[in-house]
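Each remark here refers to the structure printed beneath this line.
Numbered from 1 within each chain, the chains take letters A, B, ... in sequence-line order.
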Protein chains: 2
Amino acid sequence: MKLSTKGRYGLRAMVDLGVYSEHEPVSISSIAGRQQISDRYLEQLIGKLKKAGLVSSIRGAQGGYQLARDPKDISAGDILRVLEGDLMSVTCDGDSEKEIPCCEASDYCVTRYVWQKVHEGIIAAVDNLTLAELIEQSKGFHGGC
Amino acid sequence: MKLSTKGRYGLRAMVDLGVYSEHEPVSISSIAGRQQISDRYLEQLIGKLKKAGLVSSIRGAQGGYQLARDPKDISAGDILRVLEGDLMSVTCDGDSEKEIPCCEASDYCVTRYVWQKVHEGIIAAVDNLTLAELIEQSKGFHGGC
DNA sequence: AGAAATCCTAGCAATTTAGTGGGAATTATT
DNA sequence: AATAATTCCCACTAAATTGCTAGGATTTCT
């Protein structure tokens with residue numbers, strides 16, 4: 001259970017967009033250059049973020065990407081959910097075909113209960129963390145060094 | 001980012017042990033039978049839990065496993081950490097060889113910051129959840145059906 | 001002695017991850 | 001109109017991880 005590069009790269013790319021795309025669109029290659037990420041790979045990640053409505057694009061020369069919304073209205077959770085899949089699917093171990101309101105083998109449900117708790121913890125953490133805050137953080141780090 | 005079968009099976013096995021191993025050791029095969037888990041696979045998971053000091057074992061015929069501590073003193077986090085690896089390693093994307101107190105490329109640190117927050121959320125959730133509570137839950141489900 | 005168990009190590013198929021690669025379509029600039 | 005910059009789309013691949021399976025060696029109760 002760990003954050004994959006998808007999530008890490010995605011977060012960094014979105015912060016990068018927040019910093020550099022305010023007045024003009026930013027190309028994949030410039031983000032990839034700054035963030036030292038494979039541009040071909042980043043392309044796919046940004047594609048997902050676009051599909052999810054978090055970034056907008058302008059095609060053609062001098063085109064690129066911009067944040068689709070104010071950074072205050074994008075949470076880390078929004079980004080991670082797109083790239084890491086459902087942050088957590090609360091599923092029983094039983095056959096998913098059967099539609100049982102209350103699991104046959106009750107022990108199975110322990111997992112669900114634990115997972116529910118974990119889920120709440122994660123959601124609370126990432127959904128209250130705005131991109132705006134991350135951008136601020138990133139600027140802060142610069143000043144601090 | 002999801003809970004793998006390791007974590008799910010492990011939680012169920014530990015609850016099973018909590019319920020059935022109070023007075024006598026319980027064999028892998030009996031747990032696997034009740035929980036409908038591959039016994040060969042479960043063996044490996046329990047092996048890790050033993051190595052981590054969460055369960056104790058008695059070898060030979062009529063042997064088996066028991067909880068090493070009171071269920072009140074074992075958290076879901078303890079179990080998940082053993083089976084899911086470090087629940088989350090807070091790493092930068094930069095070279096891990098270099099020992100930089102403050103990252104060169106500050107943007108990298110955004111990931112660290114987000115991850116720290118997520119980590120706190122998860123830890124808060126799973127470390128406050130005791131095995132005793134899960135066992136109670138599991139009994140509760142039985143009564144409810 | 002024999003059976004029931006833990007313990008140890010290795011292998012393996014399926015899935016996921018982290019990319020690479022080849023282009024087609026669109027648009028600004030010259 | 002030509003060119004270059006860029007998004008967009010789809011397919012392929014190598015490495016790692018997951019979820020097992022397999023074959024024993026060892027220990028201990030009966």
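- Protein atom CG of Leu17(B) is 14 Å distant from nucleotide atom C1' of dT6(C), rounded to whole Å.
- With rounding to whole Å, Lys48(A) atom NZ is found 14 Å from dC10(D) atom P.
- The base of dC8(C) lies close enough to the side chain of Glu43(B) for a donor and an acceptor atom to sit less than 3.5 Å apart.
- A heavy-atom distance below 4.5 Å is not found between the side chains of Leu67(B) and Leu54(B).
- One can place OH of Tyr41(B) at 19 Å from P of dC8(C), the figure rounded to the nearest angstrom.
- A donor and an acceptor atom, one from each side chain of Thr130(B) and Lys72(B), are nowhere located under 3.5 Å apart.
- Shown are Thr5(A), Ile28(A), Ile46(A); of these, the side-chain contact (heavy atoms from CB on, under 4.5 Å) with Tyr41(A) is made only by Thr5(A).
- Here the side chain of Glu84(B) pairs a donor or acceptor atom with the backbone of Ser4(B) at under 3.5 angstrom.
- Recorded end-axis angle for the helix from dA1(C)-dT30(D) to dT30(C)-dA1(D) stands at 10°, based on five pairs per end and rounded to 10 degrees.
- Dashed line: the shortest gap from a side-chain N or O of Ser29(A) to OP1 or OP2 of dA5(D) is not under 4.0 Å.
- A donor-acceptor pair is defined here as one N or O able to donate and one able to accept, closer than 3.5 Å; such a pair exists between the side chain of Arg12(B) and the backbone of Gln35(B).
- Nearer to the 5' terminus of DNA chain C, by closest-nucleotide assignment, is the contact made by Gly47(B) (compared with the other of Gly47(B) and Gln44(B)).
- Between Tyr65(B) and Leu17(B) the shortest heavy-atom distance is O-CD2, 3.5 Å.
- Judged by distance alone, with hydrogens and angles left aside, the side-chain atoms of Ser21(A) form no donor-acceptor pair with the main-chain N or O of Gly18(A) at under 3.5 Å.
- Rounded to a whole Å, the CD atom of Gln35(A) is 17 Å from the P atom of dA18(C).
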Report task. Do nucleotides 25-30 of chain D as a string where each nucleotide becomes B, S or -: B if the base has a protein heavy atom under 4.0 Å, S if just the sugar-phosphate does, - if no protein is that close. Result -> -BBBB-

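- Side-chain N/O atoms of Ser38(A) include one lying less than 4.0 angstrom from OP1 or OP2 on dT20(C).
- Arg81(A) has its side chain within reach of Asp78(A): a pair of non-hydrogen atoms, C-beta onward, lies under 4.5 Å apart.
- Nucleic acid contact for Ile28(A): sugar-phosphate only, since backbone atoms but no base atoms lie under 4.0 Å from a heavy atom of the residue.
- In this model, the phosphate group of dT17(C) is approached by a side-chain N or O of Lys6(A) to a distance below 4.0 Å at OP1 or OP2.
- Atom P of nucleotide dT16(C) and atom CG of Leu45(A) are separated by 17 Å, given to the nearest angstrom.
- Per the geometry, CD belonging to Glu24(A) stands 17 Å off P belonging to dA5(D), to the nearest Å.
- In this model, the phosphate group of dT7(D) is not approached by any side-chain N or O of Ser57(A) to a distance below 4.0 Å at OP1 or OP2.
- Distances shorter than 4.0 Å separate none of the side-chain N or O atoms of Lys50(A) from OP1 or OP2 on dT7(D).
- Note: NZ (Lys51(B)) to C1' (dT6(C)) measures 15 Å, nearest angstrom.
- Under the 3.5 Å distance criterion, the side-chain polar atoms of Asp73(A) are left unmatched by any main-chain donor or acceptor of Arg69(A).
- The base of dG19(D) is not paired with the side chain of Arg40(B) by any donor and acceptor separated by under 3.5 Å.
- At whole-Å resolution of the value, CG in Asp39(A) and P in dG21(C) are 11 Å apart.
- In this structure, Gln66(B) contributes its side chain and Ser56(B) its backbone to no donor-acceptor pair below 3.5 Å.
- For Tyr9(B) and dC20(D), the shortest distance from a side-chain N or O to OP1 or OP2 is below 4.0 Å.
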